[in-house]
Amino acid sequence: MRDAIQSDLSTDLLDWYDRNARVMPWRVGPGDRAAGVMPDPYRVWLSEVMLQQTTVAAVRDYFTRFTTRWSTVQALAAAPDDQVMGEWAGLGYYARARNLLKCARVVADDYGGAFPDTYDALLNLPGIGPYTAAAIAAIAFDRPETVLDGNVERVMARLHDIHEPLPGSKPVLKNKAAALTPNTRPGDYAQAVMDLGATICTPKSPACGICPLRDPCQARAAGTQTDLPRKTPKKPKPTRYGHVYIAQREDGALLLERRPDKGLLGGMLGWPGSDWSDTPVNTPPFSADWQELAGEVRHTFTHFHLILRIWTAPLPAGLHPHRLIVLDKHAFRPSDLPTVMRKAHDLWRNR
Ligand code: SF4
């Protein structure tokens, strides 16, 4: 049962949110919400999937492009896969885009285009894990679910001066967050804690002097706020190596591949290439006098760093290697490539 202190605390936070809510293209602000406007669950879902592992600043333009092109979940469900993957290019974590399409099609086909409104039902949809289900249930449907992202973890660790390191402390932090979640305005409250973490209780320099939680905050009282949350040190990432082959025909057409659905960059357009390993095998897609470009492409994925060497050769007229795509120069958009492939493109263009 929530006690009076907890109730005051969430009320203080909601008051602060009423005055300081960030404006975001997918958000219905507290004023409109008080007037009865509810957010479109499609926009909440789309923003939450895009925001997994990505910053608000990086997501804004993608969100606007997606919702301009596909304004409803039914429109997105009907979109060809390659168009959606192309619009997603550059946002990273491409399994999210594949699951986005799967989820849109399930909602369109099995739910008549209306997102289910409970945590459990949302959790059953493709690409929706516990965090995203709680966020959609709270923000779109005003359910008192506990939303625990990195911002909320930081606020809870500091508010309660919890020194146990992440990720082991997650269950404790979740319990603390759950104890504060109010039954009135839970959607606004979920966004209020996230906004507090993003704008006031920031990782390196929390602005405790203007924080609505400064009085009850235990880390502030103890002077430990910038040490929290503690994190178990991560293992250093290994480095892998690879080769990429860029071949262009005299008329400008380029040789590309659609990567297999399963695996890294699954379903995305890219340059043909070798495996990515300690000792990649240099196996160009056809025999030619391949020339190596000066420089290399460096990119970091979640679990490893990648260094790519780039090779180029003219693509003979009439040659169309098995399983590869020869794309007319007018049909080629560098923006359709995932970031690592775009880096290779940019190195080649600027050679
Ligand atoms: S008082 Fe400081 S450390 Fe505590 S919640 Fe507020 S900003 Fe974070």
Side-chain angles (χ1 to χ4, degrees), residues 1-24 27 29-31 33 47-48 51-59 130-132 134-135 138-139 142-234:
M1 188 106 151
R2 299 172 68 249
D3 63 23
I5 294 174
Q6 288 166 340
S7 168
D8 284 354
L9 209 143
S10 50
T11 304
D12 288 349
L13 197 50
L14 281 166
D15 288 348
W16 171 85
Y17 179 71
D18 287 342
R19 297 187 306 276
N20 298 287
R22 289 180 292 173
V23 175
M24 298 199 269
R27 177 176 279 180
R33 201 146 169 149
S47 67
E48 287 299 336
L51 285 164
Q52 292 165 4
Q53 318 277 352
T54 314
T55 62
V56 167
V59 162
Y131 164 79
T132 308
I139 297 169
D142 238 359
R143 302 249 179 214
E145 298 292 347
T146 304
V147 182
L148 193 74
D149 69 353
N151 286 318
V152 182
E153 284 171 355
R154 186 167 58 256
V155 172
M156 290 304 131
R158 289 172 173 174
L159 188 58
H160 300 281
D161 199 29
I162 291 169
H163 289 237
E164 184 190 348
L166 283 164
S169 58
K170 269 180 194 281
V172 179
L173 297 175
K174 182 148 195 192
N175 283 342
K176 295 291 186 192
L180 290 178
T181 303
N183 286 317
T184 49
R185 301 181 62 194
D188 278 346
Y189 175 80
Q191 297 172 94
V193 198
M194 290 193 252
D195 277 18
L196 188 81
T199 62
I200 301 283
C201 194
T202 55
K204 292 207 172 97
S205 47
C208 300
I210 54 168
C211 176
L213 306 183
R214 62 187 174 276
D215 289 340
C217 180
Q218 294 179 28
R220 178 180 183 250
T224 53
Q225 61 271 50
T226 50
D227 300 334
L228 301 177
R230 292 192 198 281
K231 291 183 181 164
T232 304
K234 288 186 183 149

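Quantities reported herein were computed from a predicted structural model and do not represent experimental measurements. Counting starts at 1 for both ligands and their atoms, in listed order.
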A.B. asks: Ignoring hydrogens, what is the shortest heavy-atom contact between R158 and P203? Give both atom names and the distance.
C.D. replies: NH2-O, 2.8 Å
A.B. asks: Any N/O/S atom, side chain or main chain, of C201 closer to atom 4 (Fe) of ligand 1 than 2.8 Å?
C.D. replies: no
A.B. asks: Check the pair Y189 / L180 against side-chain contact (heavy atoms from CB on, under 4.5 Å), numbers first and verdict last.
C.D. replies: CA-CA 9 Å; Y189 175 80; L180 290 178; 3.2 Å; yes
A.B. asks: Students should be able to answer this: which protein heavy-atom is nearest to atom 4 (Fe) of ligand 1, and at what distance?
C.D. replies: C217 SG, 2.3 Å
A.B. asks: Given side-chain contact (heavy atoms from CB on, under 4.5 Å), test M24 with D195 step by step and report yes or no.
C.D. replies: CA-CA 11 Å; M24 298 199 269; D195 277 18; 4.3 Å; yes
A.B. asks: Just to verify, which of T11, D18, D142 counts as forming a side chain to side chain donor-acceptor pair (under 3.5 Å) with R185?
C.D. replies: D18
A.B. asks: Using only atom types and a distance under 3.5 Å, with no angle test, would you say the side chain of T54 pairs donor to acceptor with the backbone of Q52?
C.D. replies: yes
A.B. asks: Taking all non-hydrogen atoms of both residues, which atom of N151 and which atom of A198 are closest, and how far apart?
C.D. replies: OD1-N, 3.6 Å
A.B. asks: Closer than 4.0 Å to some heavy atom of R214 - which atoms of ligand 1 meet that?
C.D. replies: 1 (S)
A.B. asks: So, is C211 placed with an N/O/S atom under 2.8 Å from atom 2 (Fe) of ligand 1, counting both backbone and side chain?
C.D. replies: no
A.B. asks: What protein heavy atom sits nearest atom 2 (Fe) of ligand 1, and how far off is it?
C.D. replies: C208 SG, 2.3 Å
A.B. asks: Can you tell me the protein heavy atom closest to atom 3 (S) of ligand 1 and the distance?
C.D. replies: Q225 CB, 3.5 Å
A.B. asks: Closer than 4.0 Å to some heavy atom of R158 - which atoms of ligand 1 meet that?
C.D. replies: 3 (S)
